[in-house]
Amino acid sequence: MRKTILVVLLLPFMAISQQILPEVERARVIDEILEERFNNLLPQLMDQAGLDMWVLISREYNEDPVLKTMLPATWLNARRRTIILFYRDKEKNTIEKLAVARYDIGKSIKSAWDKEKEPDQWKRLMQLITERNPEKIGLNFSKDHNIADGLDKTDYDEFMANLPKKYHSKVVSAEQLAVRWIETRTPREMTIFNQLVDITHDIIAEAFSEKVITPGVTTTTEVEWWMRQKVTDLGLETWFHPTVDVQRTSEELVGHLYSFSGRPDDEVIHRGDLLHCDFGITYLRLNTDCQELAYVLKPEETEAPAFLVNALYDGNRVQDFLTQNMVKGRVGNDILAKALQDAKDAGLRPAIYTHPLGSYGHSAGTTIGMWDAQGGVMKDDGENYPLNPNTAYAIELNTTVNIPEWNRDIRIMLEEAGFFGEDGFRYVNGRQTEFLLIPRPKSHLGN
């Protein structure tokens with residue numbers, strides 16, 4: 001009997017953990033995807049960016065965010081000073097992937113520096129550049145995209161001091177190439193991403209259930225730490241600490257900052273509460289970012305009140321207005337302005353703050369608003385960056401809804417992973433259209 005009970009208790013954990021690969025298999029998948037990206041994707045991106053040479057430079061524990069995504073699974077950091085040189089010969093349809101380092105970097109990037117023959121690493125780099133005589137040399141510096149600004153001043157100064165004068169005028173920012181590398185997802189990555197979002201949804205569903213929450217006893221902080229521990233127990237990581245907050249009849253609507261900071265710790269969850277979480281995980285070098293809602297049933301209830309159901313529907317409508325305006329080549333501020341106006345014309349009170357998602361949680365690419373910039377973001381936040389296909393986003397937004405039954409406004413906050421492809425937009429693993437109910441109603445029970 002005791003063994004039976006143990007198996008039943010472990011089933012939810014086993015159902016999720018069976019989807020998650022052991023470390024050795026994760027490494028294999030990561031390296032296979034890297035090979036595919038280097039050999040198939042990178043040549044296309046370099047051609048689109050008009051760069052025939054891309055040089056990335058990092059030192060150990062101070063890695064360029066782009067270079068970090070290029071390291072093989074067994075490299076957790078750069079080693080000493082790591083220099084990678086990509087050279088694209090469009091006419092011959094070839095791409096060289098060289099490491100000015102003592103070691104090969106994975107399977108594709110081969111060491112091109114023999115320190116015994118040339119002790120000076122910078123001189124060897126300049127030999128490789130001179131031999132190839134590029135038209136443009138892209139370096140990772142950028143005012144407009146933080147992830148594309150990974151070259152530190154020391155390495156930039158050293159590079160320019162050693163670079164022959166005739167090449168100085170050919171040095172340009174590689175920001176467009178860097179952003180495209182970070183934002184572009186391959187078909188295999190999207191297959192994996194679908195699973196990753198599914199795991200994220202499963203963890204939220206378990207957190208927002210009677211398995212974790214006992215009304216009148218459990219606190220929001222306890223649920224947050226349960227989610228954090230669940231991720232650790234599954235052998236995964238989270239890129240930010242989960243948050244859980246409450247809206248209820250006896251409180252006024254607070255500002256957007258409340259969900260991110262200033263929330264009271266250990267707030268006891270009660271029947272009739274509307275719960276909201278913000279949660280994301282990291283797996284196979286991809287990241288999720290998800291916000292979902294739950295309602296804590298009162299003793300006589302078997303479903304959420306109609307006024308909350310209708311409010312959630314309004315949140316879904318704002319999602320629709322946004323995703324319908326996601327058009328290839330349209331920049332973030334234009335998408336934001338049109339989606340907000342469409343929603344307002346429909347009588348809604350929207351706020352949209354959608355961001356790229358993938359290699360990083362707050363990734364590089366098209367920014368569509370910020371919670372504190374509903375009139376549009378500044379240039380250095382991605383204002384002029386167009387929407388490209390094969391990119392993923394956290395469709396993050398809210399709508400404010402007046403609830404007469406509670407004599408107050410509430411905010412329906414939603415966030416789901418979405419993919420923009422050649423055929424338009426789709427949700428990676430669906431979206432929330434119904435509240436998670438605590439406890440789950442049991443159809444065989446009744447008065």
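A donor-acceptor pair is defined here as one N or O able to donate and one able to accept, closer than 3.5 Å; such a pair exists between the side chain of Asn162 and the backbone of Glu158. Not one N or O on the side chain of Ser111 forms a donor-acceptor pair closer than 3.5 Å with the backbone of Asp104. Not a single donor-acceptor pair under 3.5 Å links the side chain of Thr354 to the backbone N or O of Ile368. Side-chain atoms of Ser58 come within 3.5 Å of backbone atoms of Asp64 as a donor-acceptor pair (strictly under, hydrogens ignored). The backbone N or O of Leu163 lies less than 3.5 Å from no partner atom in the side chain of Lys166, so there is not a single donor-acceptor pair. In terms of modelled atom types and a separation under 3.5 Å, the side chain of Trp239 and the main chain of Thr288 share a donor-acceptor contact. Of the possible polar contacts, one joining the Arg408 side chain to the Arg248 backbone as a donor-acceptor pair under 3.5 Å is found. Between the Gln44 side chain and the Asn40 main chain, a donor and an acceptor come within less than 3.5 Å of each other. Within the 3.5 Å criterion, the main-chain N or O of Lys211 finds a donor-acceptor partner in the side chain of Ser209.
In this structure, OG1 in Thr366 is found 7.5 Å from CE in Met326, a value given to the nearest 0.5 Å. Going from atom CG of Leu397 over to atom CZ of Arg411 covers 12.5 Å, rounded to the nearest 0.5 Å. Summarising the geometry, atom OG1 belonging to Thr323 is positioned 12.0 Å from atom CD belonging to Glu416; distances are rounded to the nearest 0.5 Å. Separation of atoms OG1 (Thr282) and CG (Leu196) is listed at 8.0 Å; rounding is to 0.5 Å. In this structure, Ile84 CD1 and Ile105 CD1 are separated by 4.0 Å, a value rounded to the nearest 0.5 Å. A distance of 10.0 Å separates OH in Tyr360 from CG in Asn146, rounded to the nearest 0.5 Å.
The number of heavy atoms from other shown groups lying within 6.0 Å of CD (Glu116) is above 12. At most 12 heavy atoms of other shown residues, nucleotides or ligands fall within 6.0 angstrom of atom NZ in Lys328. More than 12 heavy atoms of other shown residues, nucleotides or ligands fall within 6.0 angstrom of atom CD in Glu118. With a 6.0 Å radius and a threshold of 12 heavy atoms from other residues, nucleotides or ligands, Glu434 has its CD atom at or below the threshold. The number of heavy-atom neighbours closer than 6.0 Å to NZ of Lys136, taken from other residues, nucleotides and ligands shown, is 12 or below. Within a 6.0 Å sphere centred on CZ of Arg80, heavy atoms belonging to other residues, nucleotides or ligands number 12 at most.
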Under the side-chain contact (heavy atoms from CB on, under 4.5 Å) criterion, do Tyr313 and Thr433 qualify, and how do the steps go? CA-CA 7 Å; Tyr313 173 69; Thr433 58; over 6 Å; no
Start with the C-alpha distance between Arg59 and Asp152, add both sets of side-chain angles, then the distance that settles salt bridge (charged side-chain N to carboxylate O under 4.0 Å, His left out), and finish with yes or no.
CA-CA 9 Å; Arg59 282 174 288 166; Asp152 66 34; 3.0 Å; yes
Asn140 and Asp149: side-chain contact (heavy atoms from CB on, under 4.5 Å), yes or no, with the steps?
CA-CA 5 Å; Asn140 285 356; Asp149 194 36; over 6 Å; no
Given Phe279 and Val244, is the side-chain contact (heavy atoms from CB on, under 4.5 Å) satisfied, shown in steps?
CA-CA 9 Å; Phe279 175 64; Val244 175; over 6 Å; no
*Evaluate the salt bridge (charged side-chain N to carboxylate O under 4.0 Å, His left out) criterion for residues Arg431 and Asp320: first the C-alpha distance (whole Å), next the side-chain angles of each, then the deciding distance (0.1 Å), finally the verdict.*
CA-CA 11 Å; Arg431 61 170 173 170; Asp320 292 340; 3.1 Å; yes
Please walk me through it: do Thr184 and Asn388 pass side-chain contact (heavy atoms from CB on, under 4.5 Å)? CA-CA 8 Å; Thr184 305; Asn388 289 307; over 6 Å; no
Checklist entry - Please walk me through it: do Arg349 and Asp409 pass salt bridge (charged side-chain N to carboxylate O under 4.0 Å, His left out)? => result CA-CA 11 Å; Arg349 298 156 65 188; Asp409 285 343; 2.9 Å; yes
**Asked** Could you walk me through whether Glu206 and Lys230 pass the salt bridge (charged side-chain N to carboxylate O under 4.0 Å, His left out) check?
**Response** CA-CA 10 Å; Glu206 188 174 357; Lys230 182 72 172 184; 3.3 Å; yes
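With hydrogens and angles left out, the side-chain atoms of Arg124 and Gln127 include a donor and acceptor closer than 3.5 Å. One side chain, Ser108 or Glu35, offers a donor N or O that lies under 3.5 Å from an acceptor on the other. Checking Tyr393 against Thr391 by side-chain atom types alone, a donor-acceptor pair falls below 3.5 Å. Under the 3.5 Å distance criterion, with hydrogens and angles disregarded, a donor-acceptor pair is assigned to the side chains of Glu396 and Gln291. In summary, the side chains of Gln319 and Asn316 do present a donor paired with an acceptor at a separation below 3.5 Å, with no hydrogens or angles considered. Side-chain N/O atoms of Arg81 and Asn62 include no donor and acceptor closer than 3.5 Å. Under 3.5 Å, the side chains of His276 and Gln247 contain no donor-acceptor pair of N or O atoms. A donor atom on one side chain and an acceptor atom on the other are not found under 3.5 Å apart for Asp144 and Tyr385.
A heavy-atom distance below 4.5 Å is found between the side chains of Thr218 and Val223. Residues Tyr87 and Leu128 are not in side-chain contact: their nearest non-hydrogen atoms beyond the backbone lie 4.5 Å or more apart. Contact annotation: the side chain of Asp47 never approaches that of Asp52 to less than 4.5 Å [non-hydrogen atoms, C-beta and beyond]. Here the side chains of Met160 and Tyr167 are not in contact, with every heavy-atom distance at 4.5 Å or above. Cys290 is not listed as a side-chain neighbour of Glu415, based on a closest heavy-atom distance of 4.5 Å or more. Residues Asn287 and Ile281 fail the side-chain proximity criterion, which asks for heavy atoms closer than 4.5 Å. Residues Met227 and Thr232 are not in side-chain contact: their nearest non-hydrogen atoms beyond the backbone lie 4.5 Å or more apart. The side-chain heavy atoms of Phe86 and Leu51, taken from C-beta on, include no pair separated by under 4.5 Å.
Applying the side-chain contact (heavy atoms from CB on, under 4.5 Å) test to Asp372 and every residue at least two apart in sequence or in another chain returns Met370. Under the side-chain contact (heavy atoms from CB on, under 4.5 Å) criterion, Ala148 pairs with Ser142, His145, Glu175, Ala178, Val179, not counting sequence neighbours.
Exactly one residue among Val66, Leu56, Ile57 makes a side-chain contact (heavy atoms from CB on, under 4.5 Å) with Leu151. That residue is Ile57. Each of Glu189, Lys68, Arg185 was scored for a side chain to side chain donor-acceptor pair (under 3.5 Å) with Ser359, with one residue passing: Arg185.
Ring planes of Tyr156 and Phe141: perpendicular class, angle over 60° (limits at 30 and 60°).
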Show me, pair by pair, the donor-acceptor contacts under 3.5 angstrom made by side chains of residues 417-430, not counting sequence neighbours?
from	atom 1	to	atom 2	distance (Å)
Asn429	OD1	His201	ND1	3.3
Asn429	ND2	Asn194	OD1	3.4

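Trp113 and Tyr103 have their aromatic ring centers separated by at least 6.0 angstrom.
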